[in-house]
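Take a look at the structure set out below.
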Amino acid sequence: MPAHDVLIIGAGLAGQRAALAAAREGASVAIMSKVHPVRSHSVAAAGGINAAIAYDTVKGSDFLGDQDAIEVMCSEAPGEVMHLEHIGVTFHRNEKGEMDLRAFGGASMKRTAYVADITGQALLHVLYEQLMKHHETVERYEEWFTTSLLQDEQGRCAGVIARDVRSGRMEAFTAKNVILACGGAGQAYKPTTNGLIVTGDGIAMAYRAGAPLMDMEMVQYHPTCLVETGILITEGARGEGAHLLNSGGERFMEKAAPNKMELASRDVVSRAEQIEINEGRGVGPGGRGIYLDVTVVPRKRTLEALREIVNLGKDFAGVDITREPITIRPGQHYIMGGVKTDIDGRTPIEGLYAAGEVACVSVHGGNRLGANSLLDTLIFGRRSGEHAAARAASMAMPEIDTHAQLRRDSDAIDAIINRPRDGRRVSEIKDELGEMMNEYAAVFRDEQGLQSARETIARLKEEAGKAWIDDRGTVFNQDVLGAIELGYMIDCAEATVVGAIERKESRGAQFRTDYPERNDEEWLKHIDITLDGDGPHVSYSPVAITQWQPEERKY
Ligand SMILES: Cc1cc2nc3c(=O)[nH]c(=O)nc-3n(C[C@H](O)[C@H](O)[C@H](O)COP(=O)(O)OP(=O)(O)OC[C@H]3O[C@@H](n4cnc5c(N)ncnc54)[C@H](O)[C@@H]3O)c2cc1C
């Protein structure tokens, strides 16, 4: 049975950064990913990485972010960005040859380093090259799917159970520490900017093991997604100066954010767009969109700094964005919530860490600033890796009998494969879940909609337990993985809806039309959700405030 000091589940930016940090500390490290590492969703990140200002991040979070964690992230940011440059990331340079910075939403000055609009790809490939250098100390389990966490009798995390996607073989892995770096849960929504692999696996596995989830009600809608597909047009476009226009050709952000205009924080811009659409000033089919006008940016600059979205516009909307406006709307993009951790990535379960989008430190609180996620993945990926390696140095390898759990997960997979073909299909349930979340747990929410979402989720949970699949084989059986992922997404959606019902105020990405004001007196606190028996249990934890008392948020 494989055994490692530090076993990292997920090989996006958070996972790879954690692996490199733990390897540098001398630990024996393994990194596992359900897809090849450079296909991890971090590869899609476009606009850039912030060396963020702490106050901007606190304000962006609508004062729900934990200020101690934000200060750590922001004070370590410049060093991390320089480190990336030193290991080979070809950040864009200005005419003087210095690292160029672009404007991003909610930032008081230009703080976003970028590689055209393929920043995630550039970072991920450089980190993977670095991992190659450490091939003697870092074992890679590529195309292995983790099904559950192993725990000893005291509840400590002691490894994972996983399935080799290529062969269908099940295996137990022991580890002194497991770091979850499994990304977000965007696929619980439809449409979403997130790829098909972003299914909340890490969040659900930790939740099922007893770890609390935090801020799950905070789901980010990005202001500029293509209307039909939900494909993202990077905030970099507005950073370069693009305008948002309604059907009357008005720059309506003048009303919502007279100072920052299109570069207000994402929750503010998405809400302003949705109001235009709801009040009949939308554009495109059914008036469901808003114009993003990139033609105001010099064409040469667009072709150089936004070349990917020039291609996306042509391929997915038939629009040359250098010559005409493109129709966009708010779309699900990111979850601020996740597995509750401290600033070293530790969860309350001993031996279990989490970093990146799977985690909630909480540096994003009610709303994440654009380009702050890449920063979060790297800072807290590194810190988790370092901390886990240090912990490993002072302990023995856990001795744990893995047979029962290995058998349980193998039997569960066999049961899925052998389900009679008379229930609903996995894909149908997934579509219903996503569309329902996009209706009731979106930019605007209310009690009635959220309660109906909760009822639907309860029914879908039942149906998912019987959903059937086509593929009965062992080699690359993506069908069976899809059925497992559906269960993970339903857990995440349930936690989101329960949190959104609980929070009876409007803050950050949570706008309750029945409670339209922010209410610091009662709700300046995190909502934590733990699994109690079969269902979610709600509790609260305080927001860490160091320097900045909550104040009215204006852009
Ligand atoms: C289109 C788009 C553009 C974006 N642009 C930006 C940007 O410009 N700047 C910014 O800051 N943020 C951006 N973001 C957000 C940012 O890209 C993500 O939040 C971040 O990359 C997440 O990184 P991660 O390492 O946490 O997870 P991911 O990169 O999603 O990696 C998750 C890893 O976990 C593995 N995994 C998951 N489940 C399992 C399992 N069961 N078993 C084994 N392995 C598993 C996956 O294979 C993968 O390796 C963007 C997001 C999108 C969707």
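Order of listing sets the numbers, starting from 1, for every ligand and every atom in it.
Taking any N or O of Leu232, backbone or side chain, none lies under 3.5 Å from an N or O belonging to ligand 1. Every N/O-N/O distance between Tyr488 and ligand 1 stays at or above 3.5 Å. Considering backbone and side-chain atoms alike, Ile197 places every N or O at 3.5 Å or more from each N or O of ligand 1. When only interatomic distances are considered, the shortest N/O to N/O separation between Ala355 and ligand 1 does not fall below 3.5 Å. Remark: ligand 1 and Thr193 share no N or O pair separated by less than 3.5 Å (distance only, no angle test). Close N/O approach between Val358 and ligand 1 is not found [any backbone or side-chain N/O within under 3.5 Å]. Distances between N or O atoms of Ile9 and those of ligand 1 include no value under 3.5 Å. Where the criterion is an N or O separation shorter than 3.5 Å, residue side chain and backbone included, Tyr334 fails it with respect to ligand 1. Here's the thing with Gly15: none of its N/O atoms is less than 3.5 angstrom from an N/O atom of ligand 1.
Within the 4.0 Å heavy-atom criterion, neither part of Thr119 lies near ligand 1. Here His333 has side-chain heavy atoms under 4.0 Å from ligand 1, and that is the only part of it that gets that close. Residue contacts with ligand 1, taken as heavy atom pairs separated by less than 4.0 Å, do not involve Glu308 at all.
Residue Ile49 places no heavy atom under 4.0 Å from ligand 1. Heavy atoms of Val35 come nearer than 4.0 angstrom to ligand 1 in at least one pair. Look at Gly48 and you'll find a heavy atom under 4.0 Å from some atom of ligand 1. In this structure, Tyr114 has no heavy atom closer than 4.0 Å to ligand 1. Look at Pro37 and you'll find every heavy atom at least 4.0 Å from all atoms of ligand 1.
Atoms of ligand 1 lying under 4.0 Å from at least one heavy atom of Asn194, given by number and element, are 53 (C). With ligand atoms numbered from 1 in the order given, ligand 1 contributes 7 (C), 8 (O) to contacts under 4.0 Å with heavy atoms of Gly47. Heavy-atom contacts of Ala46 reach the following atoms of ligand 1: 3 (C), 4 (C), 5 (N), 6 (C), 7 (C), 8 (O) (cutoff under 4.0 Å). The atoms of ligand 1 that sit less than 4.0 Å from any heavy atom of Gly12 are 25 (O), 29 (O), 31 (O), 33 (C), 49 (O). Every atom of ligand 1 is numbered from 1 in the order shown, and the set under 4.0 Å from a heavy atom of Trp144 is 42 (N), 43 (C). When each atom of ligand 1 is checked for a heavy atom of Thr146 under 4.0 Å away, the hits are 40 (C), 41 (N), 42 (N), 43 (C). Heavy-atom proximity to Asp201, at under 4.0 Å, picks out these atoms of ligand 1: 38 (N), 39 (C), 40 (C), 41 (N). In the vicinity of Gly356, heavy-atom distances shorter than 4.0 Å reach the ligand 1 atoms 26 (O).
Under the side-chain contact (heavy atoms from CB on, under 4.5 Å) test applied with Val480, the options Asp471, Thr474, Ile416 reduce to a single match, Ile416.
Taking the six-membered ring where tryptophan is involved, the planes of His333 and His222 are perpendicular, since the angle between them exceeds 60° and thus also 30°. Aromatic ring orientation, His387 versus Tyr353: tilted (interplanar angle from 30° to 60°).
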Checking Tyr141 against His4 for the ring-ring contact (aromatic ring centres under 6.0 Å, His included) test, could you report, in this order, the C-alpha distance in whole Å, the side-chain angles of both residues, the deciding distance, and whether it holds? CA-CA 12 Å; Tyr141 299 107; His4 303 279; 5.7 Å; yes
For salt bridge (Lys or Arg N to Asp or Glu O under 4.0 Å), just list the numbers for Lys34 and Asp201, CA-CA rounded to whole Å, side-chain angles, deciding distance to a tenth of an Å, and then say yes or no. CA-CA 10 Å; Lys34 64 181 176 180; Asp201 307 16; 3.0 Å; yes
I'd like to know whether Arg383 forms a salt bridge (Lys or Arg N to Asp or Glu O under 4.0 Å) with Glu76, so could you lay out the CA-CA distance, the side-chain angles of the two residues, the decisive distance to 0.1 Å, and finally the verdict. CA-CA 11 Å; Arg383 292 179 71 95; Glu76 294 182 3; 2.5 Å; yes
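Nearest to atom 32 (C) of ligand 1 by heavy-atom distance, out of Cys182, Gly10, Ala14, Ser40, is Cys182. Checking Glu357, Gln332, Met32, Met205 against atom 26 (O) of ligand 1, the nearest heavy atom belongs to Glu357. In this structure, of Gly202, Ser42, Ala44, the residue bringing a heavy atom nearest to atom 22 (C) of ligand 1 is Ser42. Nearest-heavy-atom check against atom 33 (C) of ligand 1 across Gly183, Ala181, Gly338 picks out Ala181. Here the shortest heavy-atom distance to atom 45 (C) of ligand 1, taken over Lys34, Arg17, Gln16, His364, belongs to Lys34.
Considering only heavy atoms from C-beta on, Met214 comes within 4.5 Å of Ser362 through its side chain.
Looking only at atom types and distance, the side chain of Asp409 has a donor-acceptor partner in the side chain of Ser148 under 3.5 Å away. The closest side-chain donor-acceptor pair between Ser61 and Asn367, if any, does not fall under 3.5 angstrom. Looking at Asp117 and Thr234, their side chains never bring a donor and an acceptor atom within 3.5 Å of each other. Side-chain polar atoms of Ser167 and Asp164 form a donor-acceptor pair below 3.5 angstrom.
Among all protein heavy atoms, the one lying closest to atom 10 (C) of ligand 1 is Leu374 CG, 3.3 Å.
Of the possible donor and acceptor atoms, one in the side chain of Gln405 sits under 3.5 Å from a partner among the backbone N and O of Leu149. Put simply, the side chain of Arg382 never gets that close to the backbone of Ala21: no donor and acceptor are under 3.5 Å apart. Of the possible polar contacts, one joining the Glu235 side chain to the Gly105 backbone as a donor-acceptor pair under 3.5 Å is found. A distance-only check finds a donor-acceptor pair linking the side chain of Asp342 to the backbone of Asp344 [under 3.5 Å].
In this structure, Arg163 is not positioned above the aromatic face of Phe145 in the sense of NZ or CZ being under 6.0 Å from the six-membered ring centre and within 45° of the axis.
Ion pairing between a basic and an acidic side chain is recognised when a charged N comes within 4.0 Å of a carboxylate O; Arg271 and Glu273 show no such pairing.
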